[in-house]
Amino acid sequence: MRIKVLGAAAGGGFPQWNCGCPNCRDIRSGVLAAKPLTQECVAVSADGERWFLLNASPEIRSQIENCPALHPREPRHSPIAAILLTNGDLDHCLGLLSLRESHPLVIYATERVHRGFTEGNVLYRTLQRFPGQVTWRTLAADEETELSGLDGQASGLTVEAIAAPGKPPVHLEGNAPPDPGENIGVVIHERRTGKRLAYFSAAAAVTPAMRATFERADCVFFDGTFWAGDELISLGLGDKRAEEMAHLPVGGEGGSLQAFAGVRVPKKIYIHINNTNPLLRPRSAERRQVEAGGWEIAYDGMEVNL
Ligand SMILES: [Zn+2]
Ligand SMILES: [Zn+2]
């Protein structure tokens, strides 16, 4: 299984247009020797021919251009067989509207995420220019289904959705009662090799089911949005704790670093990193701590082969 990280940042990217936090300030000035990050999107393939995108970030156009494997091979063509959405946050699905150039799309999502994106959304009409422009396929929890593009041809990969504690996207808050389909992680399983990728880019907690999933995985991508629960508050950038935004912090008592202690996974990668996170500073104590725990930090252009 080939995995390409097209974007590793949380919503807003790194640097974020309206942010002058120490990380954003220092990367702009060159004090921080780090590379900018676009918003989270990952491409997965078994054969290198047909690719499946995990989430569709607002930067999807440049992300596709920066990844030759995703370039068209005919006058009208895309190697992107389908797109999977793990929740309805705009940094995960706004990119769908940028794929409006009259190309048939296959989108896998939970019923809740599908409805949240399409209902009452006048902009969605740009993806309804002709019948069959979008084919939605439902991701139901704990069901393993074959991943395929529009032609239905087997891709060698299956997907299983695992509910992950989360919340509705900000623009839909208060619209509907809570639903476990609001936020999911996915397990992508390659039949030929038996390899499993567990992808949980947003999670407010590690449930026993998630833990069991990680134990079986060859590679885990996990929510690395915030280092600390009070990260935005202590920087004077907001009044919400990480937990209120449905992101389990990495560090501290009960953080994901601790939650993963004792979980045996060959490869562990933090992704969906917020621009305020000290993990973005290569020489920070926090970075050393996660690396000592066997973690890597995702970056744009990172490739993993399982
Ligand atoms: Zn996000
Ligand atoms: Zn910032």
Side-chain angles (χ1 to χ4, degrees), residues 5-42 53-60 63 83-98 109-110 112-113 116-117 164-173 182-186 199-205 221-228 230-250 256 269-282 284 286 297-298 300:
V5 176
L6 309 184
F14 175 48
Q16 177 177 315
W17 71 278
N18 63 344
C19 191
C21 77
N23 284 352
C24 289
R25 187 190 62 212
D26 290 350
I27 192 173
R28 287 191 185 103
S29 69
V31 167
L32 177 56
K35 291 224 172 84
L37 303 177
T38 59
Q39 294 162 85
E40 180 223 328
C41 181
V42 166
L53 295 189
L54 303 175
N55 292 320
S57 95
E59 287 150 302
I60 196 160
Q63 291 173 332
I83 300 163
L84 287 69
L85 303 176
T86 60
N87 70 31
D89 289 347
L90 288 183
D91 57 314
H92 291 180
C93 57
L94 202 49
L96 295 175
L97 297 177
S98 296
T110 63
R112 169 57 71 98
V113 169
F117 188 76
K167 67 165 194 56
V170 175
H171 62 282
L172 293 177
E173 274 174 10
E182 212 78 79
N183 186 56
I184 56 165
V186 290
Y199 191 86
F200 288 73
S201 59
F221 280 76
F222 194 77
D223 185 337
T225 313
F226 298 111
W227 171 260
D230 65 353
E231 193 163 305
L232 294 183
I233 300 167
S234 66
L235 288 166
L237 299 173
D239 52 9
K240 280 193 177 141
R241 293 187 57 83
E243 296 84 346
E244 292 174 74
M245 300 163 82
H247 293 295
L248 180 65
V250 173
S256 59
I269 302 167
Y270 280 120
I271 193 164
H272 196 271
I273 322 276
N274 198 57
N275 57 77
T276 50
N277 194 323
L279 291 177
L280 293 174
R281 305 185 86 91
S284 64
E286 292 86 352
I297 308 296
D300 292 22

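Every number for a ligand or one of its atoms is a count from 1 in the order of the listing.
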Among His92, Glu59, Gln16, find the residue that satisfies the side-chain contact (heavy atoms from CB on, under 4.5 Å) test when tested with Gln39.
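The passing option is Glu59.
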When you measure from the Zn ion (ligand 1) to the N, O or S atoms of Asp91, does any of those distances fall below 2.8 Å?
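It does: Asp91 brings an N, O or S atom closer than 2.8 Å to the Zn ion (ligand 1).
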Quick one: sort the Tyr199 and Phe221 rings into parallel, tilted or perpendicular, breaks at 30° and 60°.
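Aromatic pair Tyr199/Phe221 classed tilted.
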Please report the interatomic distance CG(Asn87) to OG1(Thr110), rounded to the nearest 0.5 Å.
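Atom-to-atom, Asn87:CG and Thr110:OG1 are 9.0 Å apart.
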With rounding to the nearest 0.5 angstrom, report the CG to CG distance, Leu94 to Asn55.
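Separation between the atoms: 12.0 Å.
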For the Zn ion (ligand 2), which protein N/O/S atoms are closer than 2.8 Å?
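Listed by chain and number: Cys19 SG, Cys21 SG, Cys24 SG, Asn275 OD1.
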Closest approach of Cys93 and Gly88, non-hydrogen atoms and distance?
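For Cys93 and Gly88, the tightest heavy-atom pair comes out as SG-O, 3.5 Å.
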Among the N, O or S atoms that His272 has, which is closest to the Zn ion (ligand 1)?
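For His272, the N/O/S atom sitting closest to the Zn ion (ligand 1) is NE2.
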For a 4.5 angstrom cut-off between non-hydrogen side-chain atoms, does Phe200 reach Asp223?
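Phe200 does not reach Asp223 side chain to side chain.
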Taking only Lys NZ, Arg NE, NH1 and NH2, and the carboxylate oxygens of Asp or Glu, determine whether Glu173 and Lys167 approach each other closer than 4.0 Å.
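Counted as a salt bridge, because a side-chain N and a carboxylate O are separated by less than 4.0 Å.
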